[in-house]
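Below: one structure, written as structure tokens.
Every chain is numbered from 1 and lettered A, B, ... according to where its sequence line falls, protein lines coming before strand lines. Every heavy atom of this structure was used, including side-chain atoms; hydrogens, water molecules and symmetry mates were not.
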There are 2 protein chains.
Amino acid sequence: MNQSTVISIESIRVACRYCTLSSLCLPMGLTPEDVERLDDIVKRARPLHRGDVLFREGERFRSLYVVKTGSLKTFAPSCEGGEQVLSFHLPGEIMGLDAIDKGEHACSASALETSAICEIPFARLEELTALIPSLQHQMYRLLSKEIGQDTDMLLLLGKKNAEERLAAFLLSFSQRLHKRGLSATDFHLSMSRHEIGNYLGLAVETVSRLFTRFQDDGLVRVERKHIELLDPQGLEEIIDGASPGRRQAPQRQQQT
Amino acid sequence: MNQSTVISIESIRVACRYCTLSSLCLPMGLTPEDVERLDDIVKRARPLHRGDVLFREGERFRSLYVVKTGSLKTFAPSCEGGEQVLSFHLPGEIMGLDAIDKGEHACSASALETSAICEIPFARLEELTALIPSLQHQMYRLLSKEIGQDTDMLLLLGKKNAEERLAAFLLSFSQRLHKRGLSATDFHLSMSRHEIGNYLGLAVETVSRLFTRFQDDGLVRVERKHIELLDPQGLEEIIDGASPGRRQAPQRQQQT
DNA sequence: TTTTGTTTTTGATCCAGATCAAGTGCCGGC
DNA sequence: GCCGGCACTTGATCTGGATCAAAAACAAAA
């Protein structure tokens, strides 16, 4: 309780201009004065704890949210009570962009661990972007980037096998952490095997088996949620379809 | 040749304000004066023919493109020379939004049939959106909508089986045509079985078999690329996981 | 500490859909 | 009208990963 209070106070106090994430986040490329104006509309609420829901699918859309610390997942209800994990969000990453169109959230977001969030009321942001061209540009870029990421994911789900998917996930996660100043080769997964499997379109068992296989192949060291990448290059090769087991490509390529 | 000339002239001449698509397209919700201003920056080139490439992956991003007539596909190179079809575009739909972020096209676009295109130089559009709040809002909505569509696709590829995928594709295509004033139950597919399969993450053979099965089940009438939806309700039920063959859900749901 | 529930791992089996293999039929070119 | 090639269909087989089952490792509670 004591600790969460500390985090809370801290999260309330850190303005954008002092935030270490500003180079990754919305303020990227803005002048200090413009950052100030953006900062004026940002709200910082108390932190969420594991499992807490930030917004729920169907809720009226009012704000975008940026992760300040911790991590979250977004997920949409699938058929028959199941759900599809759509993405994992790390500090500096924005959530809620998919809700602008319909004016209501198309997915839900919940915390994977204790997390601090910045809330950005969209109506005010929209006003601001009309006044600050570089902010408008940044918004277009952010929206576009999200589309690009979804595209990558479509490629992953449409064309890659289980091994390639997990390798891609690990490497991508590693790179995202690295951009945030953390180790690219030694990190902690805040999500469960179940969530990873769901995200990658695989069964938990498959994810677990692949972790074991990767470890046996000397690519990673896995100890529950603690991951060490021993051979990132090797993972890279797996992603490109050169799995250790098969020398030449046995996959028939779907031409169009 | 004669016919393509006719189309060409027509496509050059129709300004946004006379275009039947304006209610679906970028001008949606703009005042007539603002449509005029938008119209000033739109370029209308000669039509593309089947197979012609509108833009290619890696090319410098300058413009967004809107389909005026016809249809296109976008696709990205997958591993080992294959490609992933990312989307099919019908009149009024915008292409190139994923390129804003990196400043270069992340995918390629090619015509599925003779198609007319409106080109919108992005730099000029960006200037205009700063001046016209409703246009800016429209842009945010369009970008957000694209994200939402990608999300739907992720759900489809991550959680649905072959039958559900094809049913969802047919119904979604039908609805998009209907919005454009065409028949929702009797239409022509401009893409090949191969392209459908690629898009849905299925082998051609599977797509072909499913068309046959759907026809045998009285859901559709298929004659090469000509499709008649006989029982849209039945397709809807398939999408929701109630395939005719199985009474209760044998799929284990991936909980998180 | 034990208890109890959850997450992860491991093993055995199964099946949807991919892949392989042959047609069949359509369409454009000559 | 005939030919050649490509798109599509249909059938037979194979397999990656799902599913089923159960044990093992942990974590939170008591």
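- As rounded to whole Å, 21 Å separates atom P of D:dG16 from atom CG of B:Asn161.
- The CD atom of B:Glu163 sits 12 Å away from the C1' atom of C:dG17 (whole-angstrom rounding).
- Computed from coordinates, the B:Lys225 NZ to D:dA7 P distance equals 8 Å when rounded to whole Å.
- Taking atom CG of B:Leu200 as the reference point, atom P of C:dG17 lies 12 Å away to the nearest angstrom.
- For the pair B:His194 NE2 and D:dG5 C1', the interatomic distance rounds to 16 Å; values are reported in whole Å.
- Of the candidate nucleotides D:dC8, D:dT19, D:dT9, D:dT19 has the atom lying nearest to any side-chain atom of A:Ala203.
- Using modelled atom types, no side-chain atom of A:Ser110 and backbone atom of A:Gly51 make a donor-acceptor pair closer than 3.5 Å.
- The side chain of B:Arg224 lies closest to C:dC26, out of D:dA27, C:dC26, C:dT10.
- Side-chain to base pairing of B:Glu205 with D:dC8: no donor and acceptor N or O lie closer than 3.5 Å to each other.
- Under the 3.5 Å distance criterion, the side-chain polar atoms of A:Arg165 are matched with a main-chain donor or acceptor of A:Leu157.
- Between C:dG17, D:dT9, C:dT8, one nucleotide has an atom nearer to the side chain of A:Ser208 than all others, and that is C:dT8.
- In this entry the distance linking CD of B:Glu223 with P of C:dG25 reads 14 Å, nearest Å.
- At a threshold of 4.0 Å, the pair A:Arg180-A:Glu93 counts as salt-bridged, since one of the basic side-chain nitrogens sits closer than that to a carboxylate oxygen.
- Base contact: B:Arg209 has a heavy atom under 4.0 Å from a base atom.
- Remark: P of C:dT19 and NZ of A:Lys159 are 10 Å apart, rounded to the nearest angstrom.
- Rounding to whole angstrom units, CZ of residue B:Arg50 and P of D:dA7 are separated by 8 Å.
- Out of D:dA18, D:dC8, C:dA18, the shortest distance to the side chain of A:Thr206 is found at D:dA18.
- Tested against A:Lys160, the residues A:Leu166, A:Ile239, A:Ile238 include a single side chain to side chain contact (heavy atoms under 4.5 Å, CB included) partner, A:Ile239.
- Across the interface with DNA chain D, nearest-nucleotide mapping of B:Val222 and A:Arg165 shows B:Val222 to be the residue nearer the 5′ end.
- Checked by atom type and distance alone, the side chain of B:Gln215 pairs as donor or acceptor with a backbone atom of B:Val222 at under 3.5 Å.
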